[in-house]
Amino acid sequence: MLQLSIIRENKQQVIDRLAVKNFNATLLVNEIITLDEQRRSTQKQLDDTLMRSKLIAKEIGNLFKSGQREEAEKKRAESLQLKNTAKELERNLNELIVSLNEKLVELPNLPHESVPPGNTDKDNEVIFEEGEIPELPETAVPHWELASQYGIIDFDLGSKVTGAGFPFYRGQGARLQRALINFFLDEAIKKGYLEYQPPLLINEDSGFGTGQLPDKEGQMYFVEEDKLYLIPTAEVPVTNIYRNVILQEEDLPVKNVAYSSCFRREAGSYGKDVRGLNRLHQFDKVEIVQIAHPDKSYNVLEEMKNQVAELLQKLELPYRILKLCGGDISFTSALTYDFEVYSAAQKRWLEVSSVSNFESFQANRMKLRFKNKEGKTRLAHTLNGSALALPRVVAALLENNQKEDGIYIPEALRPYTGFNKIVK
RNA sequence: GGAGAGGUGGCAGAGUGGUCGAAUGCGGCGGUCUUGAAAACCGUUGACCUUCACGGGUCCGGGGGUUCGAAUCCCUCCCUCUCCGCCA
């Protein structure tokens, strides 16, 4: 959520910036400013009332002590009045705070100035492309065919045991998954990240902290009995480690990496892009998270971008990097790079990573701050990225590397798989 | 799941319903002393809202209540610990 002071002091800029996200903020911003003014004046009135009431309470104490009953009783009546006033004011104040927050939470993050305008993913800007698109043999088939031909992923079995979008990985398929997870984790650790194994369920406060709640609760699985949500990404638990935390400046940047399963209801996405591994309800992902100094977060974003690119190079996958346009960038993000790999049998680009700088948007929600050298507390910046999400990487690896005699594993992965190719 | 104990400042640990944002110790920071360090001594040391500032207000796990006045009493939720049961 945006800082009130920024909205107050740069009202027009906020409105103009949000227009890039195709978000008309004029009404909302005006409402927020009005509510904020009311809130502050009510707060002032309440503070004054409380001050008087505190003073009187002290006087009463002293009067009782010195035996001046009558005087004390008189003051007591006055105090009671103040108390009623205070109650009334407090009620108003709370109402104002609630409505203010409701409005504030509806405002998306401001897009970075380099975010291109646009409405849909068609308008995203391809900023980099690397790797050769492989020539496939005549017999080439999409990964879901390969999955059953080689017996490495069983979608039907998943449907039987759980439902659509929950595949079983089997034999060399399972081994490949495990290899990728270890490979990704090791690469991050080499770059100085601290590995975490987070809980897979999170509470409401955490969901709010990273911005999944209150808006996207329909996208998360919810355990009603315990009021817990299954994580849609490790970003949620790993960033929320720092909820209500004040770091020291020298602690920055914090670099954490976590492997986790991710759960997404994907309500409302149907059609052919859900075939095979393209879109699942449960999938595995290695996520990198950084908490950065506000002055350095864009350097960190570039660093993370390069890090993801390196992974794709090592996996020898053709990929491209997109800078998301205003219409496609998420509610919480200021700047996002998407990574897509080319899946040669499907002949399409698949998103395998999304690297974002949230600036202080999440930090403000979860009160993640640091104390600078002057001893002042400031909001930190949060960033995260997939490095990487497995299913579509697997899809591309399978499709692009299929040969007559099997599916070849890229060099970098072989120490992890323990085999060079997948065979029937 | 059952029974009990408890949640106070970075940590440890006091706190008769009134003068407690909170003793004390440790730690941190600054200083004196020292060639330097240690020790000793002195001072300082939370967050948030509001204000140009002075100042004012809120916060003793969360929420609610009693009272003129609550860290202190009551209710409720959460969490931790101990014992029992169950169990990967």
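Excluded from the calculations below are hydrogen atoms, water molecules and symmetry mates; all remaining heavy atoms, backbone and side chain alike, are included.
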> Who are the ring-ring contact (aromatic ring centres under 6.0 Å, His included) partners of A/Phe419, not counting sequence neighbours?
Replying inline: none

Residues 1-13 of chain A, side-chain donor-acceptor partners within the protein, below 3.5 Å, at least two apart:
from: A/Arg8; atom 1: NH1; to: A/Asp36; atom 2: OD2; distance (Å): 2.6
from: A/Asn10; atom 1: ND2; to: A/Ile6; atom 2: O; distance (Å): 3.2
from: A/Lys11; atom 1: NZ; to: A/Asn30; atom 2: OD1; distance (Å): 2.7
from: A/Gln12; atom 1: NE2; to: A/Asp16; atom 2: OD1; distance (Å): 3.1

>> Suppose we define a pair by two distances each less than 3.5 Å, Watson-Crick or G-U wobble; what does B/rC87 pair with here?
In response: none

> So what does A/Lys371 touch, heavy atoms closer than 4.0 Å: a base, only the sugar-phosphate, or nothing?
Replying inline: sugar-phosphate

> For B/rC81, which nucleotide in any strand shown is its Watson-Crick or wobble partner with both distances under 3.5 Å?
Replying inline: B/rG4

> Nearest nucleotide by nearest heavy atom, which residue falls closer to the 5' end of RNA chain B, A/Arg40 or A/Ser79?
Replying inline: A/Arg40

> Just by distance, with hydrogens left out, do A/Lys323 and A/Ser114 show a side-chain donor and acceptor under 3.5 Å apart?
Replying inline: yes

> Where do A/Glu224 and A/Lys227 land on the salt bridge (Lys or Arg N to Asp or Glu O under 4.0 Å) test, with the steps shown first?
Replying inline: CA-CA 5 Å; A/Glu224 173 66 39; A/Lys227 310 285 182 220; 2.4 Å; yes

>> Taking B/rC26 as the reference, what is the distance to B/rG43 when you measure between their P atoms (whole Å, please)?
In response: 14 Å

>> Rounding to an integer number of angstrom, what distance separates B/rG13 and B/rG25 when you compare their P atoms?
In response: 16 Å

>> Can you measure A/Leu247 atom CG to B/rA47 atom P for me and round it to whole angstrom units?
In response: 14 Å

>> Return the pairing partner of B/rG36 with a 3.5 Å limit on both distances, Watson-Crick or G-U wobble; otherwise return none.
In response: none

>> Any donor-acceptor pair under 3.5 Å linking the side-chain atoms of A/Glu359 with those of A/Tyr298?
In response: yes

>> Within the 3.5 Å criterion, strictly below it, is a donor on A/Asn203 or A/Ser206 matched to an acceptor on the partner's side chain?
In response: yes

> Could you give the CG-to-C1' distance, from A/Leu93 to B/rC48, as a whole number of Å?
Replying inline: 13 Å

> With the sugar-phosphate defined as primed atoms, P, OP1 and OP2, and the base as all remaining atoms, what B/S/- string results for nucleotides 56-62 of chain B, 5' to 3', for protein heavy atoms under 4.0 Å?
Replying inline: BSS----

>> Quick check for you: among B/rC48, B/rC68, B/rU19, whose closest atom lies nearest to any side-chain atom of A/Arg76?
In response: B/rC68

>> Between B/rC42 and B/rG4, how many Å separate the two C1' atoms, rounded to a whole number?
In response: 48 Å

> Taking a pair as Watson-Crick or G-U wobble with both distances under 3.5 Å, which nucleotide is matched to B/rG43?
Replying inline: B/rC29

>> Between B/rC73 and B/rG46, how many Å separate the two C1' atoms, rounded to a whole number?
In response: 28 Å

>> Suppose you measure atom P in B/rG31 against the same atom in B/rG18; what distance do you get, rounded to whole Å?
In response: 41 Å

> Can you say whether the rings of A/Tyr229 and A/Phe222 are parallel (under 30°), tilted (30 to 60°) or perpendicular (over 60°)?
Replying inline: tilted

>> Of the listed nucleotides (B/rG69, B/rG18, B/rC49), which one gets closest to any side-chain atom of A/Arg39?
In response: B/rC49

>> At 4.0 Å (heavy atoms only), tell me whether A/Thr377 reaches a base, stays on the sugar-phosphate, or touches nothing.
In response: sugar-phosphate

> Is the A/His293-A/Phe370 ring centre distance short of 6.0 angstrom?
Replying inline: yes

> Starting at CG of A/Leu82 and ending at P of B/rG69, how long is that distance when rounded to a whole Å?
Replying inline: 10 Å

> Which nucleotide, in any strand shown, forms a Watson-Crick or G-U wobble pair with B/rC54, with both distances under 3.5 Å?
Replying inline: none

>> Any strand counts, and the cut-off is 3.5 Å on both contacts for Watson-Crick or G-U wobble. Which nucleotide pairs with B/rU67?
In response: none

> What closest approach, in Å, do A/Gln172 and A/Lys421 show between heavy atoms, and which atom pair accounts for it?
Replying inline: NE2-O, 3.2 Å

> Expressed in whole Å, how much space separates the C1' atoms belonging to B/rG57 and B/rG61?
Replying inline: 22 Å

> How far does the C1' atom of B/rC81 sit from the matching atom of B/rG65, given to the nearest Å?
Replying inline: 28 Å

> Of A/Ala57 and A/Leu4, whose closest RNA chain B nucleotide lies nearer the 5' terminus?
Replying inline: A/Ala57

> What's the NZ-C1' distance between A/Lys376 and B/rC29, to the nearest Å?
Replying inline: 19 Å

>> Taking B/rA37 as the reference, what is the distance to B/rA53 when you measure between their P atoms (whole Å, please)?
In response: 39 Å

>> Taking any heavy-atom pair under 4.0 Å as a contact, classify A/Lys87: base, sugar-phosphate, or nothing.
In response: sugar-phosphate

> A/Ile56 near the nucleic acid: base, sugar-phosphate alone, or nothing, with a heavy-atom cut-off under 4.0 Å?
Replying inline: nothing

